[in-house]
Amino acid sequence: MPGSEPGSRSKGLLWTVVLLVLAAAGVLWAASALVWVGQRFRTPFGTEVMAGSTGADLRPELVPVALAALAAVAAVLATGGWLRRAVGVLVVIAGGLLAWRVYQQFNFGWFAYGTTDVPPGSTPIGQISTQPGGMLLMAAGAVLLLVAGLLVAFRAGRMPAMGAKYSAPGAAKPKSHDPDRQMWNDLDAGRDPTDEQDR
């Protein structure tokens, strides 16, 4: 049926954004748990230990951004219209900040890290070893957030709002005879008020 195709596309776009943000939260959480840099030490007792720093140690913003991404999923599902677009802009900003941090990391090299987890008097053996997996996951999370945020910011009007309007299409508000009021009703429902097909 011709009238059902746009609605299906809108629902697909909404759930695509949700999956992108959830994937971003997952990879950022994983990046925070991985060891990024490590160094082998010889202790005063003659034993060798390996000291390392995780993504959460070197990039403390990873876990908060992952949690904020989960909150953004709820916000995208619960809002509509301009409020949903504002959520999209915030997601773009978060992704952009992470992308900038990745650029700084690759441009200026790896961080020095503390050795508080080794016994005092230990001496380093060999060179610092780096594991790029965590940084690559951070870059992937930044890209996922940027793509999801841009979709929300520019295509929010094509995504249905959750609630009565989303779960029961037949329960939509009746059309208002006041054009200004109807415009606000359309914006609140996540519809384009200039689209004559919905009228």
Side-chain angles (χ1 to χ4, degrees), residues 1-34 54-56 59-103 105 132-173 183-195 197-198:
M1 202 164 124
S4 61
E5 187 177 351
S8 298
R9 285 200 304 267
S10 296
K11 292 176 186 177
L13 182 61
L14 175 63
W15 291 112
T16 297
V17 167
V18 169
L19 291 176
L20 286 172
V21 179
L22 286 176
V27 297
L28 292 176
W29 193 278
S32 71
L34 288 179
T54 65
R59 288 302 188 196
E61 68 269 20
L62 285 174
V63 173
V65 173
L67 295 175
L70 294 178
V73 171
V76 168
L77 291 174
T79 59
W82 292 107
L83 188 56
R84 178 178 280 173
R85 293 183 192 275
V87 173
V89 171
L90 292 176
V91 173
V92 169
I93 292 173
L97 289 176
L98 286 180
W100 172 249
R101 298 292 267 178
V102 171
Y103 168 78
Q105 188 78 37
M135 178 55 61
L136 292 176
L137 286 177
M138 181 177 175
V143 171
L144 290 170
L145 287 179
L146 283 172
V147 172
L150 289 172
L151 285 175
V152 174
F154 290 102
R155 304 300 295 275
R158 297 289 305 275
M159 301 177 192
M162 294 295 286
K165 300 184 189 71
Y166 179 76
S167 58
K173 286 183 180 179
M183 180 186 70
W184 287 112
N185 287 343
D186 289 339
L187 289 173
D188 183 58
R191 295 190 299 266
D192 184 356
T194 63
D195 190 356
Q197 184 177 1
D198 294 336

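Note that the numbering runs from 1 along the sequence shown for the chain. Atoms considered below: every heavy atom in the structure, side chains included; atoms not considered: hydrogens, waters and symmetry mates.
A heavy-atom distance below 4.5 Å is found between the side chains of L28 and L98. Side chains of V65 and L97 form no contact here, defined as non-hydrogen atoms less than 4.5 Å apart. With a 4.5 Å cut-off on side-chain heavy atoms, L77 and L14 count as touching.
Shown here for A25 and A69, the closest heavy-atom pair between the two residues is CB-CB, 3.9 Å. When all heavy atoms of R84 and V76 are compared, the closest pair comes out as NH2-O, 2.8 Å. Minimum interatomic distance between G81 and A156 (heavy atoms only, all atoms of both residues): O-CB, 4.2 Å. Listed here is the closest heavy atom pair of A99 and A142: N-CB, 3.7 Å. Of all heavy-atom pairs between A33 and T54, the closest is O-CG2, 3.9 Å.
Residues satisfying the side-chain contact (heavy atoms from CB on, under 4.5 Å) test with V27, not counting sequence neighbours, are L137, L144. Applying the side-chain contact (heavy atoms from CB on, under 4.5 Å) test to L22 and every residue at least two apart in sequence or in another chain returns V18, L70, V73.
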Evaluate L151 against L20 for side chain to side chain contact (heavy atoms under 4.5 Å, CB included), listing each step before the verdict.
CA-CA 10 Å; L151 285 175; L20 286 172; 4.1 Å; yes
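Counting only distance, with no hydrogens or angles, the side chain of R101 and the backbone of R59 share no donor-acceptor pair below 3.5 Å.
Atom CG of residue L34 and atom CE of residue M135 lie 11.5 Å apart, to the nearest 0.5 angstrom. In this structure, NZ in K11 is found 13.5 Å from CZ in R158, a value given to the nearest 0.5 Å.
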